[in-house]
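For reference, the structure is listed below as structure tokens.
First the proteins, then the strands, lettered A, B, ... as listed; each starts at 1.
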There are 2 protein chains.
Amino acid sequence: MIKFVILGFLMHKELTGYDIKQIMIHSTSNFMNASFGSIYPALDRLEKDGLITATKIIEKGKYKKVYAIHETGKEVFIQWLEEPMDFMKSYEDILAKIFFYGHLPKEKAIRHIEHLIEDIHKKIENLEKLETKIKDIADRFEISTLYFGIDHLKFVVGWYGRFLNDLKKI
Amino acid sequence: MIKFVILGFLMHKELTGYDIKQIMIHSTSNFMNASFGSIYPALDRLEKDGLITATKIIEKGKYKKVYAIHETGKEVFIQWLEEPMDFMKSYEDILAKIFFYGHLPKEKAIRHIEHLIEDIHKKIENLEKLETKIKDIADRFEISTLYFGIDHLKFVVGWYGRFLNDLKKI
DNA sequence: TAGCGCATGTAATATGTTACATGATTTC
DNA sequence: GAAATCATGTAACATATTACATGCGCTA
């Protein structure tokens, strides 16, 4: 996932690996806060794949590698953004996409979020079925984690619902 | 984390790798649903470390390996359970512990959850500070992911608070 | 006899962290 | 002149997934 987040940052402007880390701390740390040990190898990979280019410069006596995104990089990024969200893959993945949804036409963003909400509703139904099955055999802690799961998904679906409404209004 | 979940299941009774997978589907799938590709290697590892023992049997013509937990395995499991929860390590990790909190004296469980709630409150404060910093430069989607983070932690902390009250009552 | 459920396992791959190594500039 | 910040990078490790390979027993 980190490669897409990096591409997303590079959509705005050219950055060094260090810059990317700083931006993460101040913007995405809430759902994604990669270490240098994953940022630098990811940049290498992206360069080898021809999605970005590095320019080596010396600024104030400091050696730097400034990365810029290519057209192909932009395409790969938008393609990732347009893939439907899979809420099963941790909510961090979803937030990573929503974070960059400004790059998508509003109608597409709306459609993706509507789909997501439907999927989560189905999942809630499944968990509620599971609950009736196991509530007699599970202890209070065990069943509580299931209740947490249900309540959590209800919170998430409520939040996305409100977000969607705001989005439609403007 | 999977090794502790496996130890937790084995606290109740002896199980095969296949059994463990089935139990996960029907109880923890909501926050942990490991594949066979991680269950079997984990069982091997636990056996090599002397925390569990395998007994090879043939039942209804089917070859099986039934695993039982050792005293050392129980100690390692309880030790893991008694470590304070770190809410930074995904909420799955927290649910995994709460799931097995029935193995802990009630007062300890309460203390751990109280600590957790305090930590999350601090994190919420940090995110709110971050919000005032970036709200002028972030776009609607970018800032929304931060709002999600804050709302999400508030939901989580509220849920744990209610859970704690229920726990204290009984 | 085909397919499903039970049952175990491995190899390739993905994805990341932590700790370490290095060295410059800026700030106190 | 010490400490913090800027800046890049690698090696070892952790953790898990996916896909594949194997084979038995039961049921329609």
Problem set entry | Separation of atom CG in B:Leu15 from atom P in C:dT8, rounded to whole Å | 11 Å

For this session: Starting at atom CD1 of B:Ile20, determine the distance to atom P of C:dC6, rounded to an integer number of angstrom.
Result: 15 Å

Problem set entry | Given D:dA7, C:dT8, C:dA7, the nucleotide with the shortest approach to the side chain of A:Tyr40 | D:dA7

Exercise. Do the non-hydrogen side-chain atoms of A:Glu128 and A:Ile124 ever get within less than 4.5 Å of each other?
Worked result: yes

Seminar exercise, completed: Taking D:dT10, C:dA7, D:dA7 as options, the one with an atom nearest any side-chain atom of A:Tyr18 is D:dA7

Problem set entry | d(NZ, A:Lys64; P, C:dT22) in whole Å | 24 Å

Exercise. Separation of A:Glu59 atom CD from C:dT26 atom C1', in whole Å?
Worked result: 14 Å

Exercise. Given atom CE of A:Met24 and atom P of D:dA7, what is their separation to the nearest angstrom?
Worked result: 16 Å

For this session: Check whether any side-chain nitrogen or oxygen of A:Thr16 sits under 4.0 Å from OP1 or OP2 of D:dC6, and answer yes or no.
Result: no

Exercise. Does some side-chain heavy atom of A:Lys13 sit less than 4.5 Å from a side-chain heavy atom of A:Asp19?
Worked result: no

Problem set entry | Distance-minimising heavy-atom pair for A:Phe141 and B:Gly102 | CD1-N, 3.2 Å

For this session: In sequence, state the C-alpha distance, the side-chain angles, and the governing distance for B:Glu14 and B:Lys64, and then conclude on salt bridge (charged side-chain N to carboxylate O under 4.0 Å, His left out).
Result: CA-CA 12 Å; B:Glu14 304 186 358; B:Lys64 280 187 181 187; over 6 Å; no

For this session: Please work out which of the three classes, parallel, tilted or perpendicular, describes the rings of B:His152 and A:Tyr91, given edges at 30° and 60°.
Result: tilted

Exercise. Honestly curious: do B:Ile57 and B:Ile20 fall in one hydrophobic cluster under the side-chain, below-4.5 Å linking rule?
Worked result: no

For this session: Mind grabbing the angle between the end helix axes of the helix from C:dT1-D:dA28 to C:dC28-D:dG1? Five pairs an end, 10° rounding.
Result: 30°

For this session: Nearest whole angstrom, please: distance from the C1' of D:dT22 to the NZ of B:Lys65.
Result: 15 Å

Below 3.5 Å is the cut-off: list the nitrogen or oxygen pairs between protein and nucleotides 14-17 of chain C, distance only.
{"from": "C:dT17", "atom 1": "OP2", "to": "A:Ser35", "atom 2": "N", "distance (Å)": "3.3"}
{"from": "C:dT17", "atom 1": "OP2", "to": "A:Ser35", "atom 2": "OG", "distance (Å)": "2.8"}
{"from": "C:dT17", "atom 1": "OP2", "to": "A:Ser38", "atom 2": "OG", "distance (Å)": "2.7"}

Exercise. Are OP1 or OP2 of C:dG5 and a side-chain N or O of B:Lys62 less than 4.0 angstrom apart?
Worked result: no

Problem set entry | Integer-rounded Å distance: D:dA16 C1' and B:Asp93 CG | 13 Å

Problem set entry | Given D:dA7, C:dT10, D:dG25, the nucleotide with the shortest approach to the side chain of B:Pro41 | C:dT10

Exercise. So B:Trp80 and B:Phe100, would you call those rings parallel, tilted or perpendicular, with 30° and 60° as cut-offs?
Worked result: perpendicular

For this session: May I ask you to test the A:Ile69-A:Leu51 pair for a side-chain heavy-atom distance under 4.5 Å?
Result: no

Exercise. When the distance from CD of A:Glu14 to P of D:dA7 is rounded to whole Å, what number comes out?
Worked result: 15 Å

For this session: Respond yes when some side-chain nitrogen or oxygen of B:Tyr63 is under 4.0 Å from OP1 or OP2 of C:dA7, and no when none is.
Result: no

For this session: Take the angle between the ring planes of B:Phe148 and A:Phe155 and call it parallel below 30°, perpendicular above 60°, tilted in between.
Result: tilted

